[in-house]
Protein chains: 2
Amino acid sequence: MVEEKRSRKTGGDRVAVICTALRRAIIERALSPGDRLPEDSLGERFGVSRTIARSALGQLAAEGLVDLRRNRIAVVAVPSFEDARDIFDIRVDLERQVVRHLAGKLTDAQVKQLKAIVDAEHQARHGAEGISIRLATEFHVRLAEMTGKPVLIRYVTEICYRAGLSLAVFSRPHSSECAVNEHLELIEAIRTGPADKACALMDEHLEAVASRALLQSSGARSRDLMDILAPYTE
Amino acid sequence: MVEEKRSRKTGGDRVAVICTALRRAIIERALSPGDRLPEDSLGERFGVSRTIARSALGQLAAEGLVDLRRNRIAVVAVPSFEDARDIFDIRVDLERQVVRHLAGKLTDAQVKQLKAIVDAEHQARHGAEGISIRLATEFHVRLAEMTGKPVLIRYVTEICYRAGLSLAVFSRPHSSECAVNEHLELIEAIRTGPADKACALMDEHLEAVASRALLQSSGARSRDLMDILAPYTE
DNA sequence: CATGCATAAATTGTACACACTTTTCCTTGC
DNA sequence: GCAAGGAAAAGTGTGTACAATTTATGCATG
């Protein structure tokens, strides 16, 4: 660990550093829903006191990525099926607003930027699944950022991360394969098409992502104690 | 003060107490956008240490009600005009979801509960304007709560408070007078009508609230934090 | 009278200490 | 072998101290 020196100079928001790291770990599935996040370990890991770690956990709890119960160790949030459904419903509305604001107004630089992400998605499609999911999320977040509307950006970002976390609970492996092509089509629709057309495509895309994952809930609940014990019951 | 004994028994979330008090003070306009919120004074006012006050400010910042810049005193958030517009756009979408889920499904008890709020609004219509605004907000929040969907409730609540704060910046006095009747009509539409009809009425209502607002306000008075919070300290 | 500039006051950033709660695990009695 | 109980360990809740930074004050200077 050699980054000691910088910490004094910049003093830059260390809470934010932890939040960013954890968000990424969660979205990449390096951390799974239910995983414990003790303040001590977290602080030690990032070379800060418990005060900072605790503050970061508070922030992530406010974002719905962490569950925080009194006197109990913080854990990565475990969205219920209903939560997941609601998160996707809200996501559809928010991203429709994004598309509406962006339709026909993307600059060439923006298109290039988006295609770069899709490229990365394409390359990552046979690697670790976590990377694919992170990149897919990044695509949507970047799209939102292009609206330049801070409030909208904040909510879309938050809901996208929560959606990613929900998928970690309920989707089966390799369910996000075809998203790459859909992202390319989205770019085209937003660049050229009228708002309605682009919105419809976004709706379709998100509905596809959701239904690829959420509609078969029974299989996803394999972590449930009852299911695990079922074969041993008789 | 005499609230000593309870602190041992419940130990109940003191951060939440401060957050609730501040949210209410903000929505009732006892605190105005830009008002300073030093951690010391806040803690002293609520009989807790700076640790707790700071945590509360962090939470409110995450909700968009407080602006928190490094090494600077926290202030009540000052939404820009664009922020206000975006907040209302998102609010329309979210509340449309609420209405869609509730249309034709309100129980008698729920209708009664909502009418009680509208009654209170009616009674408060010639009193302090802050109370009217709080009750109007409460109406929408309660409506959201009736969906029983935690995620939706959280976002609607947050966005309603932010909308209320935005109105504090951009609306002129007495612009929310007629909201009482509109709320009554809303209850009826949601109770009896089909979802589309009720959604349309909600859209109309929110659009009316938003457009009644958009004008500059004056009011650059500076007051004492201690005095302002007195009624909220309990 | 305005303007820097130095210094003091106010305020935040962070670590840490200690009390309290929850969890773990070991012991004891049956 | 096992259920009950009770330390010990692990972990959170909160106050406080001190460093770092910003803001306010006052004084000298042009």
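A, B, ... follow the sequence lines: proteins, then strands. Residue 1 opens every chain. The structure displayed is predicted, hence computed values, not measured ones. Basis for what follows: all heavy atoms, side chains included, without hydrogens, waters or symmetry-related copies.
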Trainee: Kindly assign one of parallel, tilted or perpendicular to the pair A/His140 and A/His183, based on the angle between their ring planes and the thresholds 30° and 60°.
Mentor: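 A/His140 vs A/His183 ring planes: perpendicular.
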Trainee: Rounded to whole Å, how long is the line connecting atom CZ of A/Arg50 with atom P of C/dC18?
Mentor: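 Checked: the CZ to P distance equals 14 Å.
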Trainee: With distance as the sole criterion, do the side chain of A/Arg36 and the base of D/dG11 form a donor-acceptor contact below 3.5 Å?
Mentor: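 No.
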Trainee: Would you mind reading off the distance between B/Glu39 atom CD and C/dT11 atom P, rounded to a whole angstrom?
Mentor: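 That distance rounds to 11 Å.
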Trainee: More 5' along DNA chain C: A/Val48 or B/Ala74, using each one's nearest nucleotide?
Mentor: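 Checking each residue's closest nucleotide, the 5'-ward one belongs to B/Ala74.
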Trainee: Could you pick out which residue, A/Ile52 or A/Asn71, lies toward the 5' side of DNA chain C when each is mapped onto its nearest nucleotide?
Mentor: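 Whichever sits nearer the 5' end wins; that is A/Ile52.
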Trainee: Can you measure A/Glu44 atom CD to C/dC16 atom C1' for me and round it to whole angstrom units?
Mentor: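 In whole Å, C/dC16 C1' lies 15 Å from A/Glu44 CD.
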Trainee: Tell me: CZ of A/Arg70 to P of D/dG11, nearest whole Å?
Mentor: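 Result: 18 Å.
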Trainee: Would you check if A/Glu63 and A/Arg23 make a side-chain contact, meaning some heavy-atom pair closer than 4.5 Å?
Mentor: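 Heavy-atom side-chain distance check passes, below 4.5 Å.
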Trainee: Look at the side chain of A/Thr137 and the backbone N and O of A/Ile133, then say whether any donor-acceptor pair between them is shorter than 3.5 Å.
Mentor: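 Yes: the side chain of A/Thr137 pairs with the backbone of A/Ile133.
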Trainee: Could you tell me whether A/Arg72 contacts a base, only the sugar-phosphate backbone, or nothing, with contacts defined as non-hydrogen atoms closer than 4.0 Å?
Mentor: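 Sugar-phosphate contact only - A/Arg72 comes under 4.0 Å of backbone atoms but never of a base.
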Trainee: Quickly work out the A/Arg14 CZ to D/dA20 C1' distance and round it to whole Å.
Mentor: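 Result: 12 Å.
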Trainee: Whether B/Ser49 contacts D/dG15 is assessed here as follows: a side-chain N or O lying under 4.0 Å from the phosphate OP1 or OP2. Is that the case?
Mentor: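 Result: yes.
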Trainee: For the backbone of B/Ile153 and the side chain of B/Thr157, can you confirm whether one donor and one acceptor N or O come within less than 3.5 Å of each other?
Mentor: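 Yes; at least one donor-acceptor contact below 3.5 Å.
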Trainee: Do A/Asp89 and B/Gln97 meet the criterion of a side-chain donor-acceptor pair at a distance under 3.5 Å?
Mentor: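 No - no donor-acceptor pair under 3.5 Å links their side chains.
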Trainee: Please determine, for the side chain of A/Pro38, which listed nucleotide (D/dT12, C/dG13, D/dG15) has the closest atom?
Mentor: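 Selected nucleotide (nearest to the side chain): D/dT12.
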Trainee: Tell me the interatomic distance from B/Arg54, atom CZ, to D/dT14, atom C1', rounded to whole angstroms.
Mentor: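 So the two atoms are 14 Å apart, to the nearest Å.
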Trainee: C/dT12 P sits how many Å from B/Leu42 CG, rounded?
Mentor: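 So the two atoms are 10 Å apart, to the nearest Å.
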Trainee: For B/Asp13 and D/dT12, give me the distance from atom CG to atom P, rounded to whole Å.
Mentor: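 So the CG-P distance, B/Asp13 to D/dT12, works out to 15 Å.
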